[in-house]
Amino acid sequence: MSTTSIESHQTKDGLFAQVHATNHEQVVFCNDNATGLKAIIAIHNTVLGPGLGGTRMWNYATEAEALTDVLRLSRGMTYKAAISGLNLGGAKAVIIGDANKHKSEALMRKFGRFVENLNGKYITAEDVGTTTKDMEYVNMSTDSVVGLPESMGGGGDPSPVTAYGTYMGMKASAQKAYGSDSLKGKKVAIQGIGKVGMHLVELIKKDGGIVYVSDINEASLKHAAHEYGATVVEGDEIYGLDVDIFAPCALGAILNTETINALKCDIIAGAANNQLASEDEHGTLIHNRGILYAPDFLINAGGLINVYSEYIGYNRENALRDTEKIYDTTLSIYALAADRNIHTQKAATVIAEQRIDAILGVQSTY
Ligand code: NAD
């Protein structure tokens, strides 16, 4: 029998190297030729509870891109649950394919069977490219699913609650930067006015803010302009706008050296997941530019808080009340960052990790 050490089997850029680098517990590849299902479920950390995270359906250019995305997203869910005080771990799933072309009832039900096989270690929900209807199909194969329609006892679409939490984080940021949390007269640029972004437009308008929007969907832009009087801007122009607040609410990794240097805002506070292309490098650059960054996984946690409420017995009022706490947590993260002279994403990460480590300690005895 060979006595080769485990290390000698590892390659620097191999599959396990990525899983090891992100410290994931388990990664499951799901394949079904009949329905065309190709999915990856990544379970990052289950110290605080079962890993909960939505299923994203996206037409990834390569399988490697899908894996990188699911590993980044599931790790983010661990931090989001931890900082929000929820008894949940972090996980996420991606289905490779075009949501408009490749999705079917059979595919979603098959995916549900793979979720069921994890015996409650992973709980799924909707995400970009999936809907509450898809979760109904998943629910035909497993109970490990949240984000179900209200008619089925669920909390419905979590996006309005996500928008509300993001709004709370934005107001706390205004409090820190301007000494008042009112958005009256403040100019806010929102990139992406989908399920979350459009609700955010409404909340900011109600507060007296002046809203600028960009999107690749013409119908959404028309709606925001007609319904809320938002000013439409073209594509990348959104980065260089002379505004008070920039709210990324489309896709992740949009804050890089080029875009950060173009920004003229005082605050970045948006709902998109994993906004920083490189957490430390770009968190530091934002800090050095004197821009206040509201950690994404903290202020976009409203949707997770809402689906967690569904998991323990849905109550909308409780979910909204818990989401409001994002305001105070944001302020405490800013205080810690200032105290230690670290960037705000780092401060939020420190707090999340402290909670996970503390609970791991609790579990160390039988
Ligand atoms: P969505 O798909 O409904 O909206 C995304 C919007 O961004 C769409 O209108 C799309 O056309 C637009 N978009 C795509 N590329 C763009 C680009 N290059 N420039 C401008 N606009 C662009 O998704 P959503 O549910 O509103 O989520 C938005 C973001 O918030 C995502 O990053 C998501 O992961 C994150 N998030 C959502 C929730 C939730 O409850 N829905 C919770 C937490 C985090």
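In each ligand, atom 1 is the first atom listed, and ligand 1 is the first ligand listed.
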- Task: Just do the salt bridge (Lys or Arg N to Asp or Glu O under 4.0 Å) check on D98 and K103 with the steps written out, would you?
- Result: CA-CA 7 Å; D98 186 332; K103 203 158 58 177; over 6 Å; no
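- For ligand 1, the atoms lying closer than 4.0 Å to a non-hydrogen atom of G192 are 7 (O), 21 (N).
- With atom 23 (O) of ligand 1 as the reference point, the heavy atom nearest to it among L221, D127, V128 is part of V128.
- Remark: among candidates V307, N273, N274, the nearest residue to atom 34 (O) of ligand 1 is N273, based on non-hydrogen atoms.
- Within the 4.5 Å cutoff, side-chain heavy atoms of L263 are placed close to those of F246.
- Ranking protein heavy atoms by distance to atom 37 (C) of ligand 1, first place goes to V196 CG2, 3.8 Å.
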- Message: Walk me through whether K176 and L331 qualify under side-chain contact (heavy atoms from CB on, under 4.5 Å).
- Response: CA-CA 7 Å; K176 169 80 180 162; L331 286 177; 4.3 Å; yes
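- Within ligand 1, the atoms closer than 4.0 Å to a non-hydrogen atom of N300 are 43 (C), 44 (C), numbered from 1 in the order shown.
- Ligand 1 places these atoms under 4.0 Å from at least one heavy atom of K80: 43 (C).
- The environment of R72 atom CZ is dense: over 12 non-hydrogen atoms of other residues, nucleotides or ligands sit within 6.0 angstrom.
- For ligand 1, none of its N or O atoms has an N or O atom of L251 under 3.5 Å away.
- Both the sub-6.0 Å distance and the 45° axial angle are not jointly satisfied by K325 relative to the ring of Y327.
- Taking distance alone, with nitrogen or oxygen atoms compared against 3.5 Å, N217 stays at or beyond that limit from ligand 1.
- Between Y228 and H223, the ring planes are perpendicular. Angles over 60° get that label, and only those under 30° would be called parallel.
- For the side-chain contact (heavy atoms from CB on, under 4.5 Å) with D322, the qualifying choice from N306, V161, I305 is I305, the only one to do so.
- A distance of 5.0 Å separates CD in Q345 from CG in L276, rounded to the nearest 0.5 Å.
- Using a non-hydrogen distance threshold of 4.0 Å, S159 registers as a contact of ligand 1.
- Counting heavy atoms from C-beta on, the side chains of K186 and I210 never come closer than 4.5 Å.
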- Evaluate side-chain contact (heavy atoms from CB on, under 4.5 Å) for V232 paired with S214, printing each intermediate quantity in order. CA-CA 6 Å; V232 172; S214 79; over 6 Å; no
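- Listed by number with element, the atoms of ligand 1 under 4.0 Å from a non-hydrogen atom of R56 are 34 (O).
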- Item | Stepwise side-chain contact (heavy atoms from CB on, under 4.5 Å) check, I359 with Q363 | CA-CA 6 Å; I359 302 307; Q363 292 165 359; 3.8 Å; yes
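- Considering each of S220, A301, P248, A250, the one bringing a non-hydrogen atom nearest atom 29 (C) of ligand 1 is A250.
- Of the protein's non-hydrogen atoms, I216 CD1, 3.7 Å is the one closest to atom 14 (C) of ligand 1.
- At a 4.0 Å cut-off, at least one heavy atom of C249 sits close enough to ligand 1 to count as contact.
- Using cut-offs of 30° and 60° on the angle between ring planes, the pair H24 and H44 is perpendicular.
- The single protein non-hydrogen atom nearest to atom 35 (C) of ligand 1 is A271 O, 3.4 Å, given as residue, atom name and distance.
- Summary of contacts: the protein heavy atom closest to atom 4 (O) of ligand 1 is G194 CA, 3.3 Å.
- Close contacts between ligand 1 and A272 involve ligand atoms 29 (C), 30 (O), 32 (O), 35 (C) [criterion: under 4.0 Å to a heavy atom].
- Scanning all protein heavy atoms for the shortest distance to atom 40 (O) of ligand 1 gives T162 OG1, 2.7 Å.
- For atom 1 (P) of ligand 1, the closest non-hydrogen atom of the protein is K195 N, 4.0 Å.
- Scanning the protein heavy atoms around atom 21 (N) of ligand 1, the nearest turns out to be D215 CA, 3.4 Å.
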